[in-house]
Amino acid sequence: MTVTQLAVQAALIRIQIIKMVTHAQSGHVGGALGLADIYTALYFGVLRYRAADPTWSERDYVLVSNGHTCPVWYSTLAVAGFFPKTWLSRFRELDSPLQGHPRFNLSERIPGVENTSGPLGQGLSQACGLALALKRAGKTNHVFCFLSDAEHQEGQIWEAYLFAHQHQLNNLTAIIDFNQIQISGTTDQVMSLDPLPAKLASFGWLVKEVDGHAVSELVAQLIPNSTQSPGPRAIIAKTISGKGVSFMEHDFHWHGKAPNREEAVRAIAELQSTLESYDF
Ligand SMILES: Cc1ncc(C[n+]2csc(CCOP(=O)(O)OP(=O)(O)O)c2C)c(N)n1
Ligand SMILES: [Mg+2]
């Protein structure tokens, strides 16, 4: 895909996020909107997968630790063809496959969803186990794990960083949504993570800091083995929560609030106007 096509895809995903959370009248828009460019770069420029065969043995894996941001995951999976877009309108309904936090069940798989998430702090441990198993089996699948910044305030994350370094998991990439907000304020107000890059480097990880909205740069940085790292990689993506909707950007109050109808109409109009700015 060209850079313009990727940007258009990201805008369409953002519109879908607004629609599904508004329809459900609950869910998390801030982090989801902020992550749309990274999900787009990953799924349409980097990952190996077959949407029609989601358990293809050679696929790369995406695990999500910050499960509350799943509107962006579900929207991306639908656009990529893992399941019909009609599923999105049942987001958070009782018995819908698309719950407010993703669930993984071997006997009832949701195409493209590889882990259960919601309780923050656990996803990197899940990803470490998977990456170690793949490595020991001599497989070349790569494991990507999305994390939020605020979940770095939990101890289990740091245990996983130690583990991945110990086992030199060079088939593992952590993508950190560094939006500097959390449920009740900024990360600096609640419990500062600074200096996060130096902390991760001191744990033996290769650290890259990227602009989480520069799609082509993201594609280049996310490609596995582009860095020839002997161990695990962390991509710290500087993002803007609520990106693309002016009245949601940088505002932690939109971490987990559903727009009302009038706000949704305004948000979608803004996102559509960015679409019109692209020269096709
Ligand atoms: C273990 C655990 N504690 C608390 C919560 C409730 N909770 C949901 S999101 C969140 C923090 C949000 O900050 P961040 O993870 O950075 O997400 P963002 O708002 O940037 O999307 C919290 C405390 C949770 N999901 N899991
Ligand atoms: Mg955050």
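Remember, predicted model here, so these are calculated numbers, not experimental data. Note that ligands are numbered from 1 as they come in the structure, with each ligand's atoms numbered from 1 the same way.
Restricting Asp149 to its N/O/S atoms, the shortest distance to the Mg ion (ligand 2) is reached by OD1.
Geometrically, ligand 1 and Ser148 share a nitrogen or oxygen pair separated by less than 3.5 Å. In terms of polar-atom proximity, His68 is counted as a contact of ligand 1, with an N or O under 3.5 Å from an N or O of the ligand. Annotation: Pro119 places no N or O atom under 3.5 Å from an N or O atom of ligand 1; distance criterion only. For ligand 1, the polar-atom distance check against His255 finds a nitrogen or oxygen pair separated by under 3.5 Å.
For atom 16 (O) of ligand 1, the choice among Ile183, Asp149, Ile176, Asp177 with the nearest heavy atom turns out to be Asp149.
Side-chain atoms of Ser241 and His255 form no donor-acceptor pair, as typed in the model, at a separation below 3.5 Å. For the residue pair Asp37 / His213, a side-chain donor-acceptor distance below 3.5 Å is found, with atom types taken as modelled.
Crowding of Lys257 atom NZ: a count of heavy atoms from other residues, nucleotides or ligands under 6.0 Å exceeding 12. Heavy-atom contacts from other residues, nucleotides or ligands closer than 6.0 Å to CD of Glu159 number 12 or fewer.
Only the side chain of Asn179 comes within 4.0 Å of ligand 1, judged by heavy-atom distances.
For the atom pair Tyr74 OH and Ile110 CD1, the distance stands at 6.0 Å (nearest 0.5 Å). Note: Lys243 NZ to Leu35 CG = 13.0 Å, rounded to the nearest 0.5 Å.
Residue contacts with ligand 1 include Ile181, since one of its heavy atoms falls under 4.0 Å from the ligand. Residue-ligand proximity: Gly118 is placed with a non-hydrogen atom under 4.0 Å from ligand 1. At least one heavy atom of Glu154 sits closer than 4.0 Å to an atom of ligand 1.
Ion pairing between a basic and an acidic side chain is recognised when a charged N comes within 4.0 Å of a carboxylate O; Arg266 and Glu262 show such pairing.
For the residue pair Glu249 and Gly242, the shortest heavy atom distance occurs at CG-O, 3.4 Å.
Of the residues Phe178, Tyr43, Trp73, Tyr39, the one that meets the ring-ring contact (aromatic ring centres under 6.0 Å, His included) test with Phe146 is Tyr39.
Within the listing of ligand 1, atoms 13 (O), 14 (P), 15 (O), 16 (O) sit less than 4.0 angstrom from a heavy atom of Ala150.
Note that atom 22 (C) of ligand 1 has protein non-hydrogen atoms nearby, at separations under 4.0 angstrom. Within the 4.0 Å cut-off (strictly below), a protein heavy atom is located near atom 1 (C) of ligand 1.
Among all protein heavy atoms, the one lying closest to atom 5 (C) of ligand 1 is Leu120 CD1, 4.1 Å.
Inclusion of Ile181 in the first shell of the Mg ion (ligand 2) is supported: an N, O or S atom falls under 2.8 Å. Within the coordination shell of the Mg ion (ligand 2), defined by N, O or S atoms under 2.8 Å, Asn179 is present.
Under the 30°/60° scheme for interplanar angles, the aromatic rings of Phe163 and His167 are found to be tilted.
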